[in-house]
Amino acid sequence: MDGSEDRFKSSINEERRRFLKSMGLWGFTLGTASMVGDLAEDAFGSFCSPMYGKPDFDEVVNTACGICMVQCGMKAYKKNGRVCYVAGNPADPFSRGHLCAKGKASLGFLNNPDRLLYPIKRTNPDNKDFGVNPGWVRITWEEAFSTIVDKMMENTDNGKHGERLAIFSHGNYGWVARLLGALGSPNLITHYDTCFSPFYVARKALIGDNCWCNLEGVKYMLSFGWDQLDRSKNHPSAQTTTAIANGAKVVCFNPYQGTLGALGTQWIPIKPGSDLAVALAMIQRILSQNRFDKEFVKNKTNFYEHEKAIRDHFKTFTPEWAEKISEVPAKTIITIADEFSDPKHWPALIPNHKRDGAGGPNYVNSYQMAHAIILLNALVGAIDREGGKATMAFTWNPGGQVACAQNPKPLKELIQEKGAIDGKHEYPLVRDLITDRGIFYNVAQRILDKDPYELKMAIFRRYGIQSFPNPKKMAKALSTLNYLVFVDSMPKDIMWFADLVLPEVMFLESDWISDRLYTTPGYQMVFAANKAQAPVGEQKGWGGMVFELGKRVDQKLGTKYFQTKEGEWIKDDKDAFLKPLGITFAELKQLPESMWKKEVPYTSKSEYKTPSHKIEMYGTLFEKHGYDPLPKWIEKSAQPNEEYPYYLLIRRLPGMKHSAPLTSNNPYILDAFPKPFAEINSATARKLGIAEGDRVELKSKNGSVQIIARISERIRPDCIMYLHNYGHILPELSLSQGDTGDGNLIPDRPKPKEKDKDWSASAWMSDVCVRIQKI
Amino acid sequence: MDIQRRQALKTIGIGGIGAALLAGKGLANASQNYVQYGVLVDTRKCINCKACQVACKLWNGNQPDPTTFKNQFSASTFTYVSECKFTGPYPNVKYHTAKRQCMHCEDPACVQACPQGGAAIHKEPNGMVVINHENCLRCGSCTEACVFGGAVNLDEKAFLLKKCTFCIDRIRHGLVPACVETCLTGALQFGTLEEINNKGLEAKNQGYPVHGLKGEKWATSWIYIWPKGVENRTMFFPKV
């Protein structure tokens with residue numbers, strides 16, 4: 001090498017010193033050596049072997065990218081037993097041999113000097129707080145597993161009070177639910193309400209299942225804050241730019257221009273949280289003009305069964321009414337409604353995805369917006385279209401399951417019996433339709449209030465306190481627990497409060513199955529994501545950890561929840577998952593490119609999993625549970641005032657996965673996306689005396705962050721845009737950007753006094769106003 | 001292609017990929033036939049994801065640059081995505097982004113400026129402008145002469161001048177440049193310079209601003225198509 005790795009190592013140390021200093025920590029490093037071991041010595045030197053001259057690899061392994069759920073086909077190139085380069089697999093029809101910045105930078109995650117390498121336990125359990133040394137010491141896996149199971153038994157009184165245990169798990173939901181069920185706990189909790197519960201519940205309730213928006217062939221794309229290009233997900237980005245190149249009209253309602261607004265046809269800087277008014281007015285206009293896909297609506301939806309109610313409901317939502325709320329001229333709304341509903345512009349589609357824009361869990365009215373988007377898409381026949389193009393299409397996976405000797409009580413029944421610490425029992429549609437997901441918005445307060453009971457122990461997999469709105473409150477809640485376990489590949493700031501930490505492999509270090517849930521119609525496919533190299537430490541996979549804990553719980557309780565009918569302990573479920581395809585995992589690995597794929601023409605369903613077996617424009621399931629069967633106008637909650645005069649917008653950068661350290665502490669990602677910043681309109685900046693690059697404080701009623709300012713023209717003057725992707729308060733994360741998480745600005749939503757009208761239990765993540773000042 | 005390397009490529013499957021990528025273009029042995037290569041940078045499709053930046057660092061073994069964090073060329077940053085250009089004030093504004101790297105000019109100013117008379121930096125018959133470290137005096141004449149904003153930079157530790165190599169190593173072994181390989185949207189396209197120039201001409205005829213075409217003062221191997229309406233001041237091509 002040319003010596004530049006030495007420069008980098010010294011830079012890491014310099015950054016770490018600066019970070020520790022800035023965080024006011026006083027000279028200890030939380031036993032870093034016990035976790036990091038000797039990896040840091042060569043972490044960024046050896047894998048970048050000098051390749052100038054010729055491609056110089058020993059072996060290529062077919063695998064898949066595990067950074068996000070798109071799971072693009074990947075080839076891992078190895079030299080001397082280590083992965084030294086990754087590239088997309090051209091045989092994957094969706095990723096087509098390309099990888100985004102996150103996937104490409106996965107070597108910065110694999111070889112990250114801060115990775116967790118061994119199980120560790122706290123030796124200072126009585127004093128948990130930010131800045132208090134936990135006194136980590138390395139332990140064996142045997143000690144780790146036996147300690148965790150002992151603590152599970154102790155804190156649940158041997159399963160008599162399973163509800164005192166919660167697992168906050170990102171992934172592996174079925175087996176985690178089984179482990180909890182074995183102990184009688186209803187508390188499987190995930191981040192769905194902070195990410196996409198409104199449209200997820202809406203899709204489940206109104207069209208029967210979740211789906212994926214296929215943009216291929218779209219001629220008219222209408223976005224309410226959706227910006228897939230800004231997320232840079234692989235094939236959706238390519239589909240979008242291809243549609244634009246093919247002449248598709250792209251209309252973007254968004255207070256921030258973003259990439260879609262820039263590359264699209266028309267950017268309309270709408271007032272934050274008023275998208276619902278425009279959507280309702282569009283429905284009104286389309287119905288009043290009687291110009292919609294009548295055949296689709298008749299054959300596929302329950303529109304004509306409820307026609308009068310629907311038409312009457314929307315009568316008052318005129319474009320003129322919507323103009324007063326949204327500041328979008330009525331004339332513009334009419335034009336867009338007419339274009340969208342004009343068959344010459346079809347296929348037309350309103351895509352939405354996760355936390356994007358108005359249909360995500362951003363505003364008080366987002367759940368109604370999610371319903372309105374389904375209505376608009378139904379009116380132009382953009383749901384489950386034959387052929388699958390330009391449609392909200394259903395996804396596929398083999399879904400085979402292991403048959404176990406004994407099954408615990410289902411999660412749903414446990415929730416009904418005991419209630420859930422995340423409040424899921426108060427949301428029947430969340431409980432029934434997304435039972436194995438969860439609610440983050442108020443769980444900290446519920447833990448503090450012991451509502452509906454006391455939580456004594458928790459296991460967090462991949463979540464940190466920054467995953468929650470009002471993370472400081474979550475930290476306070478976690479400090480009240482008797483025992484806290486953290487599982488991840490990288491450290492997170494939850495470790496200030498954890499008692500035991502289990503290190504997890506990253507995706508290149510294990511065999512797994514890529515089930516391609518985010519793929520488009522036309523293919524059924526799975527990959528064997530082959531293990532590309534041995535773990536850099538003693539890490540294990542989360543699935544294996546759950547099986548081991550399940551086995552030990554069975555042994556303690558005398559149950560058989562983690563045994564096959566033949567009496568064998570379950571160690572793997574890959575063969576069972578693939579069984580419907582008639583192949584084993586070993587056989588899948590041997591297929592060309594380790595890929596099973598079958599071209600299957602997408603056929604539209606004849607029946608949907610809804611009460612009417614149709615797509616429900618009129619939501620009978622909502623009505624049955626006492627909710628609005630049709631979307632109506634609700635005002636956004638936070639409005640600018642003297643103290644907090646600006647709307648907060650939150651953007652997610654294309655190179656980042658949330659604020660997870662796999663990207664936010666990844667040197668390649670930080671090279672490309674270096675610093676958190678607040679973006680301000682130039683007129684606002686002038687008024688406030690803020691210049692490009694100035695340090696500013698962004699403050700909401702919940703908290704503040706100190707970052708730099710960027711001035712631009714692509715944002716409304718009454719808005720401040722901040723990034724979702726940075727911020728960790730942990731010295732082990734040597735490249736972290738300090739206490740800059742956007743969660744600091746987001747209040748945890750209070751528990752409603754009466755029955756919550758928001759059937760999705762959304763966390764309202766952007767319904768916040770802020771002030772900004774130069775510091 | 002010598003037998004040993006061919007065998008090695010076959011073993012690891014790269015030969016197959018390369019053949020697939022370059023099949024039908026008659027480029028597999030192009031280094032001997034002096035076919036000129038080019039890359040189309042279609043900024044209409046650039047989504048500012050910066051995957052090309054990361055790919056370049058990884059392929060070239062260039063270290064991330066955690067101390068500077070600047071969006072600019074350096075000895076370890078051969079390429080970056082230039083962002084935040086706009087065409088007007090709010091709300092009549094359009095941002096666009098464009099990848100920047102050595103443009104591998106048709107008549108490179110850096111080569112002209114080299115006191116070693118082309119022994120230290122020269123244009124390959126295939127079009128790549130490359131540095132020969134053995135003959136380089138490290139005088140920095142090439143850095144100063146670059147009309148595209150300093151694409152050649154001194155690695156002070158290694159005491160070597162470094163720049164985008166056009167992935168000459170990959171191209172000669174049947175692979176497209178690392179940045180092109182990973183580009184999600186087709187904003188970067190590799191081909192013969194003739195093919196790329198023709199695509200540029202086609203866009204120009206449709207009214208899109210295009211830079212780097214053959215016959216222009218600043219003809220380059222990397223040809224840029226810009227969105228309509230983008231003002232000249234936001235582009236980084238020198239004024240003609």
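Each chain gets a letter, A, B and so on, in the order its sequence line appears, and its residues count up from 1.
- Heavy atoms of A/Asn234 lying under 4.5 Å from chain B belong to its backbone as well as its side chain.
- Between chain A and the options B/Asp42, B/Asn48, B/Thr185, B/Thr182, the largest number of non-hydrogen pairs under 4.5 Å is found for B/Thr182.
- Contacts of residues 238-247 of chain A with chain B at a heavy-atom distance below 4.5 Å involve A/Ala238, A/Thr241, A/Ala245, listed in sequence order.
- Heavy atoms of B/Ala178 lying under 4.5 Å from chain A belong to its backbone as well as its side chain.
- A distance of 8.5 Å separates CH2 of A/Trp267 from OH of B/Tyr95, quoted to the nearest 0.5 Å.
- Looking at B/Cys167, there are no atoms closer than 4.5 Å to chain A (heavy atoms on both sides), in backbone or side chain.
- By the 6.0 Å contact criterion, CD on B/Glu156 is open, its count of non-hydrogen atoms from other residues, nucleotides or ligands being 12 or less.
- Of the inter-residue distances, the one linking B/Leu184 atom CG with A/Lys233 atom NZ reads 11.5 Å to the nearest 0.5 angstrom.
- For CD of B/Glu134, the number of neighbouring non-hydrogen atoms (other residues, nucleotides, ligands) closer than 6.0 Å is 12 at most.
- The minimum heavy-atom distance between A/Ala101 and B/Cys49, with the atom names listed, is CB-O, 3.4 Å.
- Checked against side-chain contact (heavy atoms from CB on, under 4.5 Å), A/Lys687 has the following partners two or more places apart in sequence or in another chain: A/Tyr646.
- Minimum heavy-atom separation, A/Lys104 to B/Ala51: CG-O, 4.4 Å.
- A/Phe673 is linked by a ring pair (Phe, Tyr, Trp, His ring centres under 6.0 Å) to nothing, counting only residues two or more places apart in sequence or in another chain.
- Closest heavy-atom contact between B/Asn62 and A/Tyr668: O-CE2, 4.1 Å.
- Chain B forms the most heavy-atom pairs under 4.5 Å with one residue out of A/Ala672, A/Ser682, A/Pro654, A/Ala683, and that residue is A/Ala672.
- Contact of A/Ser232 with chain B is made through backbone and side chain together, with heavy-atom distances under 4.5 Å.
- Both the backbone and the side chain of B/Pro91 come within less than 4.5 Å of a heavy atom of chain A.
- Looking only at distances, no side-chain donor or acceptor of B/Lys50 sits under 3.5 Å from a matching main-chain atom of A/Cys100.
- With a 4.5 angstrom heavy-atom cutoff, A/Leu260 does not touch chain B via any of its atoms.
- Of the candidates A/Glu713, A/Arg714, A/Gln257, A/Glu713 is the only one forming a side chain to side chain contact (heavy atoms under 4.5 Å, CB included) with B/Tyr90.
- Shown here is A/Lys78, whose NZ atom has more than 12 heavy atoms of other residues, nucleotides or ligands within 6.0 Å.
- To the nearest 0.5 Å, the span separating CG on A/Asp227 from CD1 on B/Ile47 amounts to 9.0 Å.
- Checked against salt bridge (charged side-chain N to carboxylate O under 4.0 Å, His left out), A/Arg716 has the following partners two or more places apart in sequence or in another chain: A/Glu327, A/Asp718.
- Ranking A/Val86, A/Leu653, A/Thr259, A/Ile669 against chain B, the residue ahead of the rest is A/Thr259, based on heavy-atom pairs under 4.5 Å.
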